[in-house]
Protein chains: 2
Amino acid sequence: MSVVDAAASVFCREGYAGANIDLISAEAGVSRQTVYNHHGDKRNLFVAVVRDLTERCNAGIFATIATFPDQPADLEADLIAFAVRMNRNCICNRDGRFLRKLIQAEGERYPELFAEWREQGPGRTWSALAARFARLAFAGHLSIGDPDVAARQFLALVNAELQITFMLGGIPTEEEVLRSATNGVRTFLAAFARKKSPAGKQAALVHA
Amino acid sequence: MSVVDAAASVFCREGYAGANIDLISAEAGVSRQTVYNHHGDKRNLFVAVVRDLTERCNAGIFATIATFPDQPADLEADLIAFAVRMNRNCICNRDGRFLRKLIQAEGERYPELFAEWREQGPGRTWSALAARFARLAFAGHLSIGDPDVAARQFLALVNAELQITFMLGGIPTEEEVLRSATNGVRTFLAAFARKKSPAGKQAALVHA
DNA sequence: ACAAATTTAGACAGCCTTGTCCAATTCGTC
DNA sequence: GACGAATTGGACAAGGCTGTCTAAATTTGT
């Protein structure tokens with residue numbers, strides 16, 4: 001395990017103040033001196049960890065968003081599968097859990113450190129996802145007012161049942177992820193599936 | 001400020017490991033010795049803080065759930081107002097923010113400490129809220145499959161836009177809370193408002 | 001095989017923190 | 001005002017952590 005990876009693990013488990021270099025070097029399988037040689041400083045090492053996690057997480061998120069179902073065969077099934085991928089590859093995986101925990105624990109103390117994440121992470125991520133939903137709406141698969149709102153609500157719904165697990169730093173089972181995603185997507189589609197306008201015209205435009 | 005309150009503040013700001021008794025006693029306006037006289041131990045003081053926060057938060061949540069609109073005049077407006085109350089009184093207030101942060105930061109390290117919270121907090125809370133939604137459904141105001149799922153999704157939707165702010169420990173503005181609640185409730189109602197069953201019988205049972 | 005670069009173990013000073021002890025002071029109550 | 005209880009400030013030992021230093025060992029490149 002690389003030094004930065006070990007450091008990420010220890011920082012997350014023990015918090016910045018509680019982490020000590022001996023633990024990190026032991027977990028990385030190198031001597032303490034090597035840690036100092038490479039990163040000079042505890043603070044510096046922490047910065048490297050955050051950068052590393054931010055980068056990998058963003059890459060993972062964008063890679064996953066690229067698999068968004070633009071031409072869905074079965075909209076519900078495709079969105080559920082997408083939600084499950086999102087969870088597995090971006091939110092529940094090692095990097096996602098670690099970054100989330102570091103942001104929660106140290107975000108207030110090092111605002112400048114996470115400013116980069118704030119802009120490049122959620123900012124771009126949500127925009128990208130919103131664009132995909134807008135495209136689905138444009139293609140007639142959904143009826144969406146504000147795509148940004150819809151994207152945020154999609155993520156919120158799909159993770160609704162995993163909140164406590166996340167809060168306690170746990171890892172939901174595959175089954176929990178699937179259940180939460182299924183329930184979330186069904187509600188999402190109940191709200192946004194293309195259907196009558198508020199007035200209630202039902203049978204228009206069924207030319208699929 | 002009481003010792004426990006000051007300790008809560010410092011533990012949240014600095015984390016358990018980073019908090020030191022001098023800071024706490026200074027913030028509480030007492031001598032360090034007094035802190036030790038009252039609570040004996042750093043660990044002990046931390047336990048007292050968690051108990052205190054858990055208790056007050058649960059009380060607040062149940063008091064707020066008691067204001068759930070059972071006989072709504074305007075369902076959307078009433079649910080939005082309820083959601084705003086929930087946020088303001090339980091989630092964004094001092095106790096809510098502090099407890100959340102402590103759970104996130106130290107929940108893994110002291111599982112037995114937060115087990116009580118886990119059972120009495122989210123467990124009972126969500127059941128209580130689910131019961132209220134079930135009642136609304138029974139009275140014909142909503143069309144809900146699983147009230148527990150609906151309750152969790154309600155909370156998730158209503159907070160969908162506040163996630164990042166919460167993650168970074170910030171306090172959303174009154175306006176942000178209202179906006180998130182409004183968007184969330186609208187989507188919730190779009191999904192759960194009483195209307196045709198999946199098959200499509202529309203005009204049944206309108207005897208309000 | 002050899003030289004340079006890197007890694008290692010250990011010792012070390014400096015600092016901070018916890019938790020205890022104690023004498024002096026303040027406070028609450030009668 | 002007087003007495004007991006609580007609070008205070010300060011000193012203190014014990015221990016932990018950071019970051020540096022050094023000399024030996026190991027790896028790497030050629």
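A note on names: the letters A, B, ... follow the listed sequences, proteins ahead of strands, and every chain is numbered from 1. For the numbers below, each heavy atom of this structure counts, side chains included, while hydrogens, waters and symmetry mates do not.
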Item checked: Pairwise salt bridge (charged side-chain N to carboxylate O under 4.0 Å, His left out) hits with a residue in residues 96-105 of chain B, at least two apart -> A:Glu108-B:Lys101

Next item on the list: Only pairs at least two apart or in different chains count here, so list each salt bridge (charged side-chain N to carboxylate O under 4.0 Å, His left out) that has a residue in residues 138-156 of chain B.
Entry: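 Pairs touching residues 138-156 of chain B that pass the test: A:Glu161-B:Arg152.
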
Where is the tightest heavy-atom contact between [X] and [Y], given as atom of each residue plus distance?
X        : Y        : value
A:Val185 : A:Glu76  : CG1-O, 3.8 Å
B:Leu168 : A:Gly107 : CD2-CA, 4.1 Å
A:Arg32  : A:Asp22  : NH1-OD1, 2.5 Å

Item checked: Neighbour count above 12 (heavy atom, 6.0 Å) for A:Glu55 CD -> no

Next item on the list: Return yes when atom CZ of A:Phe62 has more than 12 non-hydrogen atoms of other residues, nucleotides or ligands closer than 6.0 Å, and no otherwise.
Entry: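 Buried by this count: over 12 neighbours within 6.0 Å.
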
Notebook entry, point to check: Hey, what bend do you get for the helix from C:dA1-D:dT30 to C:dC30-D:dG1 if you fit axes on five pairs at each end, rounded to 10°?
Noted result: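 Here the helix ends are tilted 40° relative to one another.
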
Just to verify, what does [X] make a salt bridge (charged side-chain N to carboxylate O under 4.0 Å, His left out) with, not counting sequence neighbours?
X       : answer
B:Glu27 : B:Arg13
A:Arg56 : A:Asp5, A:Asp52, A:Asp95
A:Arg85 : none

Next item on the list: Assign a letter to each nucleotide of nucleotides 7-19 of chain C from its 5' end: B, base within under 4.0 Å of a protein heavy atom; S, sugar-phosphate only; -, no contact.
Entry: SBBBB-----SSB

Item checked: Which residues share a ring pair (Phe, Tyr, Trp, His ring centres under 6.0 Å) with B:Phe46, sequence neighbours left out ->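 Ring pair (Phe, Tyr, Trp, His ring centres under 6.0 Å) check on B:Phe46 returns B:Phe11, B:Tyr16, B:Tyr110.
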
Checklist line | Boundaries of the DNA chain D segment in contact with chain B, non-hydrogen, under 4.0 Å | finding: D:dT7 to D:dA11

Checklist line | Sorted by number, the residues of residues 6-14 of chain A with heavy-atom contact under 4.0 Å to DNA chain D | finding: none

Polar pairs (N or O, both sides) under 3.5 Å between protein and nucleotides 24-26 of chain C?
none

Note to self: Just by distance, no angles: are the side chains of B:Gln163 and B:Asn159 close enough, under 3.5 Å, to form a donor-acceptor pair?
What the structure shows: no

Checklist line | Distance-only side-chain donor-acceptor flag, A:Thr34 / A:Ser31, under 3.5 Å | finding: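 Result is yes, a qualifying pair exists.
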
Side-chain donor-acceptor distances from residues 111-134 of chain B under 3.5 Å, at least two apart:
unit_1	atom_1	unit_2	atom_2	d
B:Glu112	OE2	B:Arg43	NH2	3.0
B:Glu116	OE1	B:Arg51	NH1	2.9
B:Thr125	OG1	B:Gly121	O	2.6
B:Ser127	OG	B:Gly123	O	3.3
B:Arg132	NH1	B:Asp70	OD1	3.2
B:Arg132	NH1	B:Asp70	OD2	2.6

Checklist line | Value rounded to 0.5 Å, distance of CG in A:Leu53 from SG in A:Cys12 | finding: 6.5 Å

